Participant: 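Okay, handing you the structure first.
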Number of protein chains: 2
Amino acid sequence: MPYDPSAFPPFAVTVDLVVLTVRRHALCALAVRRGEPPFQGRWALPGGFVRADEDLSQAAARELAEETGLCAHDPSAPVQDNGAHLEQLATYGDPKRDPRMRVVSVAHLALAPDLPAPRAGGDASNARWAPVEELLQQSGYGRDGEPVAPLAFDHAQILADGVERARSKIEYSSLATAFCPSEFTVGELRRVYEAVWGVALDPRNFHRKVTGTPGFLVPTGGTTTRQGGRPAQLFRAGGATLLNPPMLRPEV
Amino acid sequence: MPYDPSAFPPFAVTVDLVVLTVRRHALCALAVRRGEPPFQGRWALPGGFVRADEDLSQAAARELAEETGLCAHDPSAPVQDNGAHLEQLATYGDPKRDPRMRVVSVAHLALAPDLPAPRAGGDASNARWAPVEELLQQSGYGRDGEPVAPLAFDHAQILADGVERARSKIEYSSLATAFCPSEFTVGELRRVYEAVWGVALDPRNFHRKVTGTPGFLVPTGGTTTRQGGRPAQLFRAGGATLLNPPMLRPEV
DNA sequence: ATCATAGTCGTCTGCCTGACGATAAACACT
DNA sequence: AGTGTTTATCGTCAGGCAGACGACTATGAT
């Protein structure tokens with residue numbers, strides 16, 4: 001391995017972000033509209049170049065803060081304040097994934113509670129939360145009647161991988177609490193699972209499971225009635241990060 | 001995103017390989033001795049630069065073939081011939097991880113059956129299978145009395161991450177068969193689990209579990225007595241890739 | 001022949017899950 | 001005030017699976 005720079009090909013390295021949240025009972029991802037070619041006008045995942053003196057996780061946290069204002073958690077720490085969970089997802093380096101040059105993108109996955117409104121450098125029209133189902137469909141029309149175009153680059157694949165990671169990870173970890181505000185009810189947590197998995201769960205069995213798993217939830221003592229119906233106990237995320245035995249995702 | 005190359009810092013991109021196998025009841029990894037600075041003479045994971053026209057997985061497969069002669073599997077296909085399982089692990093890009101220049105390394109994990117002997121460009125003295133426990137200890141003496149030095153660069157972290165990935169993935173997938181030859185017995189598969197997890201498993205419950213999981217193992221009809229004792233049925237890996245319910249790793 | 005070794009089949013008990021009945025506590029009506 | 005609706009929470013019961021472990025089988029070694 002000589003120092004001669006001609007001995008290896010130069011790459012551009014970027015981070016792309018799959019930022020997920022749950023809004024109106026649907027799993028949504030943050031998308032930004034591209035302002036320049038290639039794929040001008042198309043939706044894409046937020047991201048940018050890694051700077052010369054930055055670690056990959058630093059770059060991802062910086063991009064996340066620039067796009068959403070969220071500050072990232074250390075992935076090993078339990079989710080407790082309203083910062084987002086951030087972890088590395090996978091790296092995409094097909095030689096043709098960017099027509100301009102050789103770009104290797106280190107994708108990261110962020111999970112955030114429902115946020116007021118996206119801001120892409122202050123320009124709200126160029127960023128939005130979209131249901132992942134809508135972003136992943138190849139073509140057709142969205143729920144607002146607008147025509148839908150596929151995501152730019154290989155971002156549909158990255159988004160699909162991120163969604164799959166989130167779906168499987170909430171099975172055996174307490175990560176679903178990252179979608180909730182700092183205090184939440186069992187019902188709100190259940191609706192997170194239902195939105196991410198796209199299934200209906202039995203409220204009684206879910207309640208038994210999450211309250212019976214030591215360290216998963218700690219009661220705050222308060223109650224709320226913001227969902228209507230009988231007041232529900234408020235909880236915050238406990239210290240446990242791994243669920244053992246896991247939460248079982250229903251078949252099919 | 002302009003085309004101007006000065007707009008983004010150039011990176012070198014490499015692939016590093018965590019190649020695991022089970023030898024003599026121990027989980028072992030392939031290590032190569034560095035022939036030049038930095039870390040000259042120290043052990044490291046095999047790896048190399050990604051070429052200009054190569055995908056990341058192609059580069060990893062090429063390095064794997066160069067180091068071991070194994071040909072890689074498509075990760076989505078079931079393990080069936082004596083090729084190795086290969087999947088992306090994670091990407092490491094700390095600005096200081098290589099003192100010479102900015103290098104981002106996309107680590108891959110390979111699982112292989114026990115191989116005759118390593119060959120690093122034909123030079124056997126510069127490559128070896130070492131128990132991961134020995135490679136991960138910070139200092140001291142190996143089982144042969146040789147002094148042990150930590151792995152070069154951040155390779156100890158990469159190896160630890162790869163081992164952890166393998167340990168957790170054999171819980172819920174049929175990946176453990178990648179450590180076995182094409183035909184194997186239930187006892188041989190059990191010894192793989194025992195070596196990877198470092199625990200003893202009940203042979204009777206293990207037998208019930210693996211033979212009772214549909215699609216995991218298919219009998220070939222043959223038997224063998226190569227382990228001594230009563231002849232055992234030979235199996236090959238079935239089409240199933242996911243184990244549901246998973247194999248449970250004993251506590252502590 | 002006897003022993004050691006490994007493989008295979010069963011049994012039993014406890015835990016967890018899925019299905020679902022029942023009760024409790026709020027709000028929106030009339 | 002009463003009734004219905006909604007959500008939360010507790011209980012019960014049967015089935016499935018895992019851990020513990022007994023019993024038997026088939027080989028090679030002594």
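Being a predicted model, the structure only gives us computed values, none of them experimental. Chain letters run A, B, ... following the sequence lines, proteins first and then strands; every chain starts at 1.
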Participant: Using a 4.5 Å cut-off on heavy atoms from C-beta on, say whether the side chain of B/Trp197 contacts that of B/Met247.
Facilitator: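 Answer yes - side chains close enough.
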
Participant: Please evaluate residues A/Leu109 and A/Leu86 with respect to the criterion side-chain contact (heavy atoms from CB on, under 4.5 Å), reporting the C-alpha separation (whole Å), side-chain torsions for both, the decisive distance (0.1 Å), and the verdict.
Facilitator: CA-CA 6 Å; A/Leu109 175 65; A/Leu86 182 62; over 6 Å; no

Participant: In whole Å, I'd like the distance from the CD atom of B/Glu171 to the P atom of D/dA18.
Facilitator: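 Rounded to whole Å, this separation is 13 Å.
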
Participant: Quick one: B/Leu201 CG to C/dG7 P, roughly how many Å, whole number?
Facilitator: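 After rounding, the reported distance stands at 13 Å.
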
Participant: Whole-Å distance between D/dT7 P and A/Gln233 CD?
Facilitator: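 From A/Gln233 CD to D/dT7 P: 18 Å.
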
Participant: Please determine, for the side chain of A/Arg191, which listed nucleotide (D/dT27, C/dT8, D/dA8) has the closest atom?
Facilitator: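 Looking only at heavy atoms from C-beta outward on A/Arg191, the closest nucleotide is D/dA8.
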
Participant: Among C/dC20, C/dG7, C/dT17, which is the nearest nucleotide to the side chain of A/Asn205?
Facilitator: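 When the side chain of A/Asn205 is considered, C/dC20 is the closest of C/dC20, C/dG7, C/dT17.
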
Participant: Do the side chain of B/Arg230 and the base of D/dG28 come within less than 3.5 angstrom through a donor-acceptor pair of N or O atoms?
Facilitator: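 For B/Arg230, whose side chain was compared with the base of D/dG28, there is no donor-acceptor pair (under 3.5 Å).
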
Participant: Determine whether a donor-acceptor pair (N or O, by modelled atom type, separation under 3.5 Å) exists between the side chain of A/Gln88 and the backbone of A/Val106.
Facilitator: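 Between the backbone of A/Val106 and the side chain of A/Gln88 there is no qualifying donor-acceptor contact (under 3.5 Å).
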
Participant: Of the options D/dA18, C/dA25, D/dA26, whose atoms approach the side-chain atoms of B/Pro231 most closely?
Facilitator: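 Between D/dA18, C/dA25, D/dA26, the one nearest the side chain of B/Pro231 would be D/dA26.
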
Participant: D/dA8 P sits how many Å from A/Leu217 CG, rounded?
Facilitator: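 A/Leu217 atom CG is separated from D/dA8 atom P by 14 Å.
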
Participant: Check this for me: does the side-chain of B/Arg204 come within 3.5 Å of the base of D/dG22 through a donor and an acceptor?
Facilitator: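 Between D/dG22 and B/Arg204, which were checked side chain against base, a qualifying N/O pair under 3.5 Å is present.
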
Participant: Would you check, one step at a time, whether the test side-chain contact (heavy atoms from CB on, under 4.5 Å) holds for B/Leu189 with B/Phe216?
Facilitator: CA-CA 12 Å; B/Leu189 183 62; B/Phe216 190 11; 4.0 Å; yes

Participant: Check whether any side-chain N or O of B/His207 sits under 4.0 Å from OP1 or OP2 of C/dT8, and answer yes or no.
Facilitator: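 So the side chain of B/His207 is within the cut-off, an N or O lying under 4.0 Å from OP1 or OP2 of C/dT8.
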
Participant: For A/Asp202 and D/dA8, give me the distance from atom CG to atom P, rounded to whole Å.
Facilitator: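 Checked: the CG to P distance equals 13 Å.
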
Participant: OP1 or OP2 of D/dA18 less than 4.0 angstrom from a side-chain nitrogen or oxygen of B/Lys209, does that happen here?
Facilitator: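 So the side chain of B/Lys209 is within the cut-off, an N or O lying under 4.0 Å from OP1 or OP2 of D/dA18.
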
Participant: Please report the distance, rounded to the nearest Å, between CG in A/Asn244 and C1' in C/dC16.
Facilitator: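 Those two atoms, CG and C1', are 12 Å apart.
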
Participant: Using the closest heavy atom to pick a nucleotide of DNA chain D for each, name whichever of A/Ala232 or B/Pro246 lands nearer the 5' end.
Facilitator: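 Closer to the 5' end of DNA chain D: A/Ala232.
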
Participant: Just to confirm, is there a sub-4.0 Å distance from OP1 or OP2 of C/dC27 to any side-chain nitrogen or oxygen of A/Arg226?
Facilitator: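 A/Arg226 to C/dC27 OP1/OP2: no side-chain N or O under 4.0 Å.
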
Participant: Please report the closest heavy-atom contact between B/Ser57 and B/His108, naming both atoms and the distance.
Facilitator: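 The answer is CA-NE2, 4.1 Å.
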
Participant: For A/Met247 and C/dG18, give me the distance from atom CE to atom C1', rounded to whole Å.
Facilitator: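 It works out to 14 Å between those atoms.
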
Participant: Has the side chain of A/Arg208 got a donor or acceptor that lies under 3.5 Å from a partner of the other kind on the base of D/dG11?
Facilitator: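 Between D/dG11 and A/Arg208, which were checked side chain against base, a qualifying N/O pair under 3.5 Å is absent.
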
Participant: Could you give the CG-to-P distance, from A/Leu248 to D/dC17, as a whole number of Å?
Facilitator: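 A/Leu248 atom CG is separated from D/dC17 atom P by 12 Å.
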
